Amino acid sequence: MADRDNKVKSFYGIAPKRYNKRWEEKKIKLEKCAIGFRQNPILSTRKLRIDDLVPVYKTFPRQQMAFEYARTCHQDVYVFAKEKDLQGKRIYLVATLPHFWYNYTRNCLPENRNYYEVIPEGAACRLYFDLEFKTEFNPDKDGMKMVDIFIKYVCYQLKNMYGLECGRKFIVDLDSSTAAKFSRHLIFHLPGAVFKDNIHVGTFVRHILALLQTKLEYGSEQPDSQLAERGGILCCNDRSPALIHEDNAEKRVDGVRLGELKELFVKDEKGSFVIFCDQGVYTKNRNFRIFKSTKIGKKSHLVFSSQNMFKPSPKGRKGSFSKDPDYLFFLDSLVSNVSMQVDGKDVRILTCESCVNSCKTPSKRTAQGIGSQVPTQTGYEHSSYPDIDRFVLSVVNRGGVQGEIRKWVYFPQGKLLTYDILKNQWCENIGRPHKSNHIMIVVDIKHGVYYQKCHDPDCRRIDYRSPERPIPEDIDPLMSSQRTGNSHCQTDHVCV
DNA sequence: CATTATTACTAGGGCCC
DNA sequence: GGCCCTAGTAATA
Ligand SMILES: Nc1ncnc2c1ncn2[C@H]1C[C@H](O)[C@@H](COP(=O)(O)OP(=O)(O)OP(=O)(O)O)O1
């Protein structure tokens with residue numbers, strides 16, 4: 001050991017005097033160099049810092065190629081799409097966020113900022129909304145007020161279905177409105193939670209919007225409305241679902257007046273009334289326009305709206321742009337930029353699955369089949385769920401006829417409550433009432449939905465079931481039991 | 001060389017009453 | 001003729 005120390009010492013030992021002058025010259029030379037570099041920095045626009053990532057910025061003509069490349073990157077890269085022409089053709093870009101931001105803000109003129117985030121199929125993401133309507137067809141609509149009402153309703157449902165407290169300060173609110181079109185993008189930062197992917201977000205959104213319609217129809221004096229649910233899209237032919245009786249307009253669902261909810265409906269180009277929330281933006285690899293981008297050829301860049309109350313937090317942000325408030329805002333405005341840990345805690349993964357899809361298995365599981373194995377409860381007129389009875393009556397009292405409950409049967413195994421209906425024989429399968437056969441309403445309590453079946457031999461042969469529709473969640477025993485009785489495991493999962 | 005994913009609409013064939 | 005199913009096309013975001 002001592003031997004080695006000596007060797008090191010002699011090697012690094014005091015240099016002979018004759019070398020001192022040479023060192024001095026070198027030192028002066030280096031200092032001159034340093035002054036030169038300081039005056040003419042090589043990286044004149046930007047200094048690379050240790051916190052910065054190795055740059056990744058590569059374009060591809062096909063989305064698939066971009067994702068294949070992204071998979072080979074060992075860093076946190078994102079796929080963006082850039083519009084090439086007015087036909088909607090795109091090129092795809094793989095980049096780390098700081099390098100994307102650098103080129104986006106420094107090398108790209110505002111009119112060329114035609115970029116979209118590609119929300120990857122299967123990737124965890126935030127709750128997001130595309131809210132829009134044409135001013136031309138809705139000259140008197142107050143978009144600002146509508147967004148506030150919409151947010152209140154969504155927050156009510158988040159609390160209701162997932163127990164989450166949300167509000168304005170957790171919501172990135174971006175505006176892209178023009179004289180012709182009111183247009184907003186909302187991105188929710190749910191405290192400690194993200195959705196499993198954007199398909200689950202879509203199921204959640206369609207579910208709460210279908211419930212919204214049920215709320216508006218429920219208790220209406222004019223049940224024979226033109227309202228029609230087509231493929232889950234809220235739509236009616238010629239008028240707003242302003243069917244609320246005065247008595248109900250002041251009713252509140254957790255601070256949202258029912259009378260306000262009808263304001264969320266607008267006229268579209270075909271003259272139909274539709275909700276101003278676009279339900280088409282929840283598909284695989286959906287492009288979603290980003291902060292400071294405009295559609296190609298237009299001049300409506302997404303900027304933070306005057307109503308925005310979200311403040312980006314610089315906590316944990318590193319790199320050259322960590323002090324650029326727009327960059328921090330950009331990071332928080334992305335739908336798929338989520339971390340799985342917040343403050344050392346795992347974030348909840350929210351799911352929302354559609355029963356309509358999951359029940360598509362061709363196996364014939366009839367309500368009767370399930371009930372045959374276990375004892376069922378049965379009775380007449382009133383079941384042990386008076387709220388559900390009332391709801392079923394409201395369903396069969398549409399169209400100017402007064403349906404009645406003849407008999408109910410409860411199948412505990414499948415949590416199905418079936419009602420035999422008198423005096424209303426309307427069957428969706430044939431689009432008109434049956435002449436002699438009666439219909440049934442089946443309430444699936446577990447999934448919070450109902451559908452119609454009937455005793456007609458033709459309908460039975462094909463095991464006909466109408467499309468499932470949600471039952472109002474405030475009379476839904478499932479929702480309350482999930483929240484109160486099952487706190488430790490299933491709270492994140494909702495099947496609708 | 002190169003948009004993508006999904007839904008709405010349409011036309012034609014087979015089957016039943 | 002009416003209804004359903006299917007495949008191909010158009011439309012939409
Ligand atoms: N032709 C297309 N090809 C691929 N993705 C598209 C296409 N058109 C729209 N998208 C994607 C990107 C959009 O951000 C998203 C929603 O569409 P859309 O509502 O028309 O635009 P937008 O919400 O970005 O702007 P705005 O509503 O202000 O016109 O769908």
Side-chain angles (χ1 to χ4, degrees), chain A residues 58-70 78-94 112 114-123 125 128-134 137 174 176-178 180-186 197-203 205-206 209-210 228-237 266-272 274-290 293-298 300 302 335-336 354 356-357 360 362 427-432 434-435 456-459 461-467:
Chain A
K58 215 164 148 53
T59 61
F60 301 87
R62 293 288 195 194
Q63 177 183 275
Q64 192 195 345
M65 300 163 77
F67 275 113
E68 275 164 17
Y69 176 74
Y78 289 77
V79 177
F80 295 92
K82 185 190 186 310
E83 277 177 305
K84 282 201 299 185
D85 56 29
L86 294 165
Q87 280 80 259
K89 298 231 175 96
R90 283 151 159 79
I91 56 159
Y92 296 88
L93 167 62
V94 179
N112 296 330
N114 321 121
Y115 284 86
Y116 298 79
E117 172 184 8
V118 181
I119 303 164
E121 175 180 354
C125 70
Y128 62 102
F129 293 96
D130 182 19
L131 304 178
E132 55 192 25
F133 64 83
K134 294 263 172 70
F137 308 119
L174 297 173
S176 184
S177 299
T178 61
K181 191 177 181 186
F182 179 87
S183 172
R184 291 281 179 93
H185 284 187
L186 304 181
D197 61 35
N198 75 330
I199 303 301
H200 285 260
V201 174
T203 309
V205 172
R206 280 185 295 270
L209 295 186
E229 193 187 0
R230 293 199 313 221
I233 306 300
L234 295 171
C235 169
C236 76
N237 294 332
V266 293
K267 276 219 169 191
D268 69 7
E269 33 275 291
K270 290 168 215 133
S272 303
V274 292
I275 195 152
F276 84 137
C277 171
D278 181 358
Q279 292 166 82
V281 295
Y282 306 106
T283 58
K284 292 168 181 171
N285 300 318
R286 165 63 49 175
N287 286 197
F288 206 52
R289 189 150 54 91
I290 60 169
S293 268
T294 175
K295 279 181 172 172
I296 196 165
K298 304 217 168 146
S300 57
L302 275 164
V335 173
S336 60
S354 162
V356 180
N357 289 334
K360 263 192 178 157
C427 173
E428 272 196 67
N429 188 30
I430 56 173
R432 58 172 172 78
H434 283 294
K435 287 179 192 69
D456 178 82
D458 288 334
C459 298
R461 194 165 34 247
I462 60 166
D463 191 33
Y464 174 76
R465 292 175 183 202
S466 77

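What you are looking at is a predicted structure, and each value in this text was computed from that prediction instead of being measured.
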DNA chain B base-pair string [pairs: Watson-Crick or G-U under 3.5 Å; |: paired with another strand]: ...|||||||||||||.
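- Applying the ring-ring contact (aromatic ring centres under 6.0 Å, His included) criterion to A:Tyr69, with sequence neighbours excluded, gives A:Phe60.
- Atom name C1', nucleotides B:dT3 and C:dT12: the rounded distance is 14 Å, in whole Å.
- A:Asp278 comes within 4.0 angstrom of sugar-phosphate atoms only, judged by non-hydrogen atoms across all strands, and of no base.
- Whole-Å rounding puts the A:Tyr282 OH to C:dT12 C1' distance at 16 Å.
- Partners of A:Thr294 by side-chain hydrogen bond (donor to acceptor under 3.5 Å, both in side chains), not counting sequence neighbours: none found.
- With A:Tyr128 contributing its side chain and A:Val201 its backbone, the two residues share no donor-acceptor pair below 3.5 Å.
- Closest to the side chain of A:Arg90, out of C:dA13, B:dA2, B:dT3, is B:dT3.
- Atom pair A:Asn114:CG and B:dT3:P shows a separation of 16 Å (rounding to whole Å applied).
- For B:dA5, one of the phosphate oxygens OP1 or OP2 lies less than 4.0 angstrom from a side-chain nitrogen or oxygen of A:Gln63.
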Under 3.5 Å, which N/O atoms of the protein pair with N/O atoms of nucleotides 14-17 of chain B?
none

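- Residue A:Lys284 is classed as a sugar-phosphate contact, given heavy-atom separations below 4.0 Å to backbone atoms only.
- Residue contacts for A:Tyr92: at a heavy-atom cut-off of 4.0 Å it reaches a base atom on one of the strands shown.
- Note: CG (A:Leu93) to C1' (B:dT3) measures 15 Å, nearest angstrom.
- A donor-acceptor pair under 3.5 Å is formed between the side chain of A:Glu83 and the backbone N or O of A:Ile296.
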Where do N or O atoms of nucleotides 3-7 of chain C meet protein N or O atoms at under 3.5 Å, pair by pair?
none

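- Distance, A:Leu302 CG to C:dA13 P: 17 Å, rounded to whole Å.
- Per the geometry, CD1 belonging to A:Ile296 stands 14 Å off P belonging to B:dT3, to the nearest Å.
- Between the CG atom in A:Leu302 and the NE2 atom in A:His185 there is a gap of 5.5 Å [rounded to 0.5 Å].
- Closest to the side chain of A:Asn285, from the set C:dA13, B:dA2, B:dA5, is B:dA5.
- As a whole-Å value, the separation of A:Lys84 NZ from B:dT4 C1' is 13 Å.
- Judged by distance alone, the side chain of A:Asn198 and the main-chain N or O of A:Thr283 form a donor-acceptor pair under 3.5 Å.
- Taking atom CZ on A:Arg289 and atom P on B:dT4, their separation rounds to 21 Å, with Å as the unit.
- In this structure, A:Glu83 reaches neither bases nor backbone, as no heavy-atom distance under 4.0 Å exists between it and the strands shown.
- When atom types are taken as modelled, the side chain of A:Ser177 and the backbone of A:Ser183 share a donor-acceptor pair closer than 3.5 angstrom.
- In this structure, A:Arg62 reaches the B:dT4 phosphate: one of its side-chain N or O atoms is under 4.0 Å from OP1 or OP2.
- The nearest whole Å value for the distance from the OH atom in A:Tyr116 to the P atom in B:dT3 is 15 Å.
- No donor-acceptor pair under 3.5 Å is formed between the side chain of A:Glu132 and the backbone N or O of A:Asp278.
- Of the possible polar contacts, none joining the A:Asn114 side chain to the A:Lys82 backbone as a donor-acceptor pair under 3.5 Å is found.
- For A:Thr178, the side-chain hydrogen bond (donor to acceptor under 3.5 Å, both in side chains) test picks out no residue, with sequence neighbours left out.
- The backbone N or O of A:Ser300 lies less than 3.5 Å from a partner atom in the side chain of A:Ser176, making a donor-acceptor pair.
- Side chain of A:Arg184 to backbone of A:Phe129: no donor-acceptor contact under 3.5 angstrom is found.
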